[in-house]
*Asks:* 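Below: one structure in structure tokens.
No hydrogens, no waters, no symmetry mates; every other heavy atom, side chains included, goes into these values.
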Amino acid sequence: MRNYPDFLKIEDLLTEEERLVYDTVHDFVSNEVKPIIADYFERGEFPIHLVKQLGELGFLGSTLSEYGGAGLSNVAYGLINQELERGDSGLRSFVSVQSSLVIYPIYEFGSEEQKKKYLPGLIDGNLIGCFGLTEPDFGSNPGGMKTYAVKKGDKWILNGTKMWITNASIADIAVVWAKTEEGIQGFIVEKDMPGFSAPEIKHKLSLRASVTGELIFEDVEVPEGNRLPLAKGLKYPLMCLTQARYGIGWGALGAAIDCYLTAVDYAKTRIQFDVPIARFQLVQKKLADMLTEITKAQLLALQVGRLKDSGKYSHYMISMLKMNNVRMALDIARTARDILGANGISLEYPVIRHMVNLESVKTYEGTEDIHTLILGQYITGFQAFSLLK
């Protein structure tokens, strides 16, 4: 039974199918994720045993109706991301990458042979994918990438390095973007191709229950059949990022909700000066502000989701969703940590885990500054940063 903040009765706006999805993913997170995730976070391990369950429940590639996909609405996909991030940002990151950055580009830009070969396994959780765009020297400016591919007969010779890649060392395939003589193109690189390695990045203090690594390509021979035939230019990986950012905007809501509910429960039971701290005016103000910001973010997420389902959305809307909701969630996590006092830094409560995770969520898939400038371009018509066309 969900006991969630729904101040404006937003759940009444969901379809019956969306409510069913909501209940299903809520139960999965409550029963399978919440009891174990703090230990995985503390050990710095990803709960990889959950991947098959994610596939069986239809949470991977959920908006596709082909190749084994559940054919859900974008709002339902948003609710999946919200609930998974209520569990942990690392688990939601896995689903975002698998669905929006691997399944999406293969479905949209791949050949029918590629779709048949990879999509069923990615959707049912038997294959794991990752997305290679960010490089050690190029994050916010992906057009400056140095990874390159040279055509040689019926193969491409791939060289370069990608950095901060979710799922890198556990992935069976990588969707990799590289410069060619004909512009930036996408390639499906399989983990056993000679010259390809994916070392894990250690010593993270954020997203600890998520696998992050490098992708290193040293004269990797990629068959022509593994090139995405319908993707040529920077706009194609950016289209993938738009899909992922949408899920992040919903996911941040889950972290915020978990922090808010934890703070409310704690404030009602923590006794100071002989009364629960929930009776104090400053604590009540903090909780009232948290509820208000969550409610506004829920409305933003739902409306963008409905526009996405109707084909009326734009990447500007998704930039606002990602920027606003992650900022909101991080502010709420910090406020909740304050309400919990010293207990706010203990993994016995989810708050500090969400807070440090959101520090990464705020900057990946486009920093807050980048999304601010994207909206600035929409408002003024002037681009304040330069991207390779």
*Asks:* Distance-only, no hydrogens or angles: does the T242 side chain make a donor-acceptor pair with backbone N or O of L238 under 3.5 Å?
*Replies:* yes
*Asks:* For T147 and L215, what are the C-alpha separation, side-chain angles and deciding distance, and is it a side chain to side chain contact (heavy atoms under 4.5 Å, CB included)?
*Replies:* CA-CA 11 Å; T147 299; L215 303 178; over 6 Å; no
*Asks:* Within the distance-only criterion (no hydrogens, no angle test), does the side chain of R86 pair as donor or acceptor with the backbone N or O of H26 below 3.5 angstrom?
*Replies:* yes
*Asks:* Rounded at 0.5 Å granularity, tell me how far CD1 in I370 sits from NZ in K322.
*Replies:* 10.5 Å
*Asks:* For K151, I'd like to know if atom NZ has over 12 heavy atoms of other residues, nucleotides or ligands within 6.0 Å.
*Replies:* yes
*Asks:* Side chains of I80 and V21: closer than 4.5 Å at any heavy-atom pair?
*Replies:* yes
*Asks:* Considering residues at least two apart in sequence or located in another chain, which fulfil the salt bridge (charged side-chain N to carboxylate O under 4.0 Å, His left out) criterion with E11?
*Replies:* R2
*Asks:* Membership question, hydrophobic clusters at under 4.5 Å side-chain separation (ILVMFWY): are F196 and Y118 in the same one?
*Replies:* no
*Asks:* Can you name the residues that form a ring-ring contact (aromatic ring centres under 6.0 Å, His included) with F109, not counting sequence neighbours?
*Replies:* Y104, Y236
*Asks:* Please name all residues satisfying side-chain contact (heavy atoms from CB on, under 4.5 Å) with L20, sequence neighbours left out, ordered by chain then number.
*Replies:* T24
*Asks:* Against the six-membered ring of Y40, is R43 placed for a cation-pi contact (under 6.0 Å from the centre, within 45° of the normal)?
*Replies:* yes
*Asks:* Examine distances only and state if a side-chain atom of S89 and a backbone atom of E85 form a donor-acceptor pair shorter than 3.5 Å.
*Replies:* no
*Asks:* Measure the acute angle between the ring planes of Y107 and Y67, then classify it against the limits of 30° and 60° as parallel, tilted or perpendicular.
*Replies:* perpendicular
*Asks:* Look at atom CZ of R19 and say whether more than 12 heavy atoms of other residues, nucleotides or ligands are closer to it than 6.0 Å.
*Replies:* yes
*Asks:* Of all residues at least two apart in sequence or in a different chain, which pass the ring-ring contact (aromatic ring centres under 6.0 Å, His included) check with Y316?
*Replies:* Y378
*Asks:* For residues 354-377, which residue pairs pass the salt bridge (charged side-chain N to carboxylate O under 4.0 Å, His left out) check, not counting sequence neighbours?
*Replies:* R327-E368, R334-E359, K362-E368
*Asks:* Rounded to the nearest 0.5 Å, how far does NZ of K115 lie from CG of L122?
*Replies:* 13.5 Å
*Asks:* Would you say L373 ends up clustered with I379 if hydrophobic residues are merged whenever their side chains have heavy atoms under 4.5 Å apart, either directly or through other cluster members?
*Replies:* yes
*Asks:* Run the salt-bridge test on K116 and E66 with the 4.0 Å N-O cut-off and return the result as yes or no.
*Replies:* no
*Asks:* Looking at D258, D88, T262, I257, which one forms a side-chain contact (heavy atoms from CB on, under 4.5 Å) with H354?
*Replies:* D258
*Asks:* Taking only residues two or more places apart in sequence or in another chain, which ones pass salt bridge (charged side-chain N to carboxylate O under 4.0 Å, His left out) with D39?
*Replies:* none
*Asks:* Mind checking whether F94 and F46 have ring centres under 6.0 Å apart?
*Replies:* yes
*Asks:* Is there a salt bridge (charged side-chain N to carboxylate O under 4.0 Å, His left out) between E348 and R353? Walk through the geometry before answering.
*Replies:* CA-CA 10 Å; E348 292 183 19; R353 179 168 51 80; over 6 Å; no
*Asks:* Does a donor on one side chain and an acceptor on the other come within less than 3.5 Å for R245 and H315?
*Replies:* no
*Asks:* Given the rule in the side chain to side chain contact (heavy atoms under 4.5 Å, CB included) test, do I157 and V220 qualify, once you have shown the distances and angles that lead to the verdict?
*Replies:* CA-CA 5 Å; I157 309 303; V220 179; over 6 Å; no
*Asks:* Do you see a donor-acceptor pair shorter than 3.5 Å between the side chains of W156 and E224?
*Replies:* yes
*Asks:* Just by distance, with hydrogens left out, do Q82 and Y4 show a side-chain donor and acceptor under 3.5 Å apart?
*Replies:* no
*Asks:* How would you list all residue pairs meeting side chain to side chain donor-acceptor pair (under 3.5 Å) that involve residues 302-311, not counting sequence neighbours?
*Replies:* E18-R306, N74-K308, N74-D309, Q243-K308
*Asks:* Apply side-chain contact (heavy atoms from CB on, under 4.5 Å) to I10 and list each qualifying residue two or more places apart in sequence or on a separate chain.
*Replies:* D6, L8, Q298, L299, L302
*Asks:* Report, as yes or no, whether the 6.0 Å neighbourhood of atom CD on E113 holds more than 12 heavy atoms from other residues, nucleotides or ligands.
*Replies:* no
*Asks:* Using a 4.5 Å cut-off on heavy atoms from C-beta on, say whether the side chain of L60 contacts that of D124.
*Replies:* no
*Asks:* Would you mind writing out the side-chain donor-acceptor pairs for residues 162-176 within the sub-3.5 Å range, not counting sequence neighbours?
*Replies:*
{"from": "K162", "atom 1": "NZ", "to": "L133", "atom 2": "O", "distance (Å)": "3.3"}
{"from": "K162", "atom 1": "NZ", "to": "E135", "atom 2": "OE2", "distance (Å)": "2.9"}
{"from": "K162", "atom 1": "NZ", "to": "W177", "atom 2": "O", "distance (Å)": "2.8"}
{"from": "N167", "atom 1": "ND2", "to": "G129", "atom 2": "O", "distance (Å)": "3.1"}
{"from": "D172", "atom 1": "OD1", "to": "K191", "atom 2": "NZ", "distance (Å)": "3.2"}
{"from": "D172", "atom 1": "OD2", "to": "I128", "atom 2": "N", "distance (Å)": "2.8"}

*Asks:* Show the atom names and distances, to 0.1 Å, of all donor-acceptor pairs under 3.5 Å that link a side chain in residues 281-288 to residues at least two apart or in another chain.
*Replies:*
{"from": "Q284", "atom 1": "NE2", "to": "A278", "atom 2": "O", "distance (Å)": "2.9"}
{"from": "K285", "atom 1": "NZ", "to": "D289", "atom 2": "OD2", "distance (Å)": "2.6"}
{"from": "K286", "atom 1": "NZ", "to": "D338", "atom 2": "OD2", "distance (Å)": "2.5"}

*Asks:* Inspect the surroundings of NZ in K34 and state if more than 12 heavy atoms from other residues, nucleotides or ligands are less than 6.0 Å away.
*Replies:* yes
*Asks:* List the steps and the verdict of side chain to side chain contact (heavy atoms under 4.5 Å, CB included) for E108 and M239.
*Replies:* CA-CA 10 Å; E108 290 291 334; M239 288 170 65; 5.8 Å; no
*Asks:* Using atom types as modelled and distance alone, determine if a side-chain donor or acceptor of Q114 lies under 3.5 Å from a backbone N or O of R227.
*Replies:* yes
*Asks:* Measure from the side-chain N and O atoms of S62 to the backbone N and O of L72, and report whether any donor-acceptor pair falls under 3.5 Å.
*Replies:* no
*Asks:* Measure from the side-chain N and O atoms of N226 to the backbone N and O of V222, and report whether any donor-acceptor pair falls under 3.5 Å.
*Replies:* no
*Asks:* What pairs with Y313 under ring-ring contact (aromatic ring centres under 6.0 Å, His included), at least two apart in sequence or on another chain?
*Replies:* none
*Asks:* Heavy-atom count around E200 CD within 6.0 Å, excluding the residue itself: above 12?
*Replies:* yes
*Asks:* How about M320: does its CE atom have over 12 heavy atoms from other parts shown lying under 6.0 Å from it?
*Replies:* no
*Asks:* CG of N325 to CG of L358: how many Å apart, nearest 0.5 Å?
*Replies:* 11.0 Å
*Asks:* Show every ring pair (Phe, Tyr, Trp, His ring centres under 6.0 Å) that has at least one partner inside residues 261-284, sequence neighbours left out.
*Replies:* Y266-Y349
*Asks:* Do F131 and I103 share a hydrophobic cluster (ILVMFWY, side-chain heavy atoms under 4.5 Å, transitive)?
*Replies:* yes
*Asks:* Given the rule that I, L, V, M, F, W and Y join up when any side-chain heavy atoms are under 4.5 Å apart, are V33 and V361 in one cluster?
*Replies:* no
*Asks:* Within a radius of less than 6.0 Å around CG of L230, do more than 12 heavy atoms belonging to other residues, nucleotides or ligands occur?
*Replies:* yes
*Asks:* Indicate, with yes or no, if L207 and L50 share a hydrophobic cluster defined by side-chain heavy-atom contacts under 4.5 Å among Ile, Leu, Val, Met, Phe, Trp and Tyr.
*Replies:* no
*Asks:* If you look at every heavy atom in S96 and N81, which pair is closest and at what distance?
*Replies:* OG-OD1, 3.3 Å
*Asks:* Could you measure the distance from the CD atom of E182 to the NZ atom of K232? Nearest 0.5 Å is fine.
*Replies:* 4.0 Å
*Asks:* Considering only heavy atoms from C-beta outward, does the side chain of S100 approach that of V97 to under 4.5 Å?
*Replies:* no
*Asks:* To the nearest 0.5 angstrom, please state how far the CG atom of L253 sits from the CD atom of E293.
*Replies:* 11.5 Å
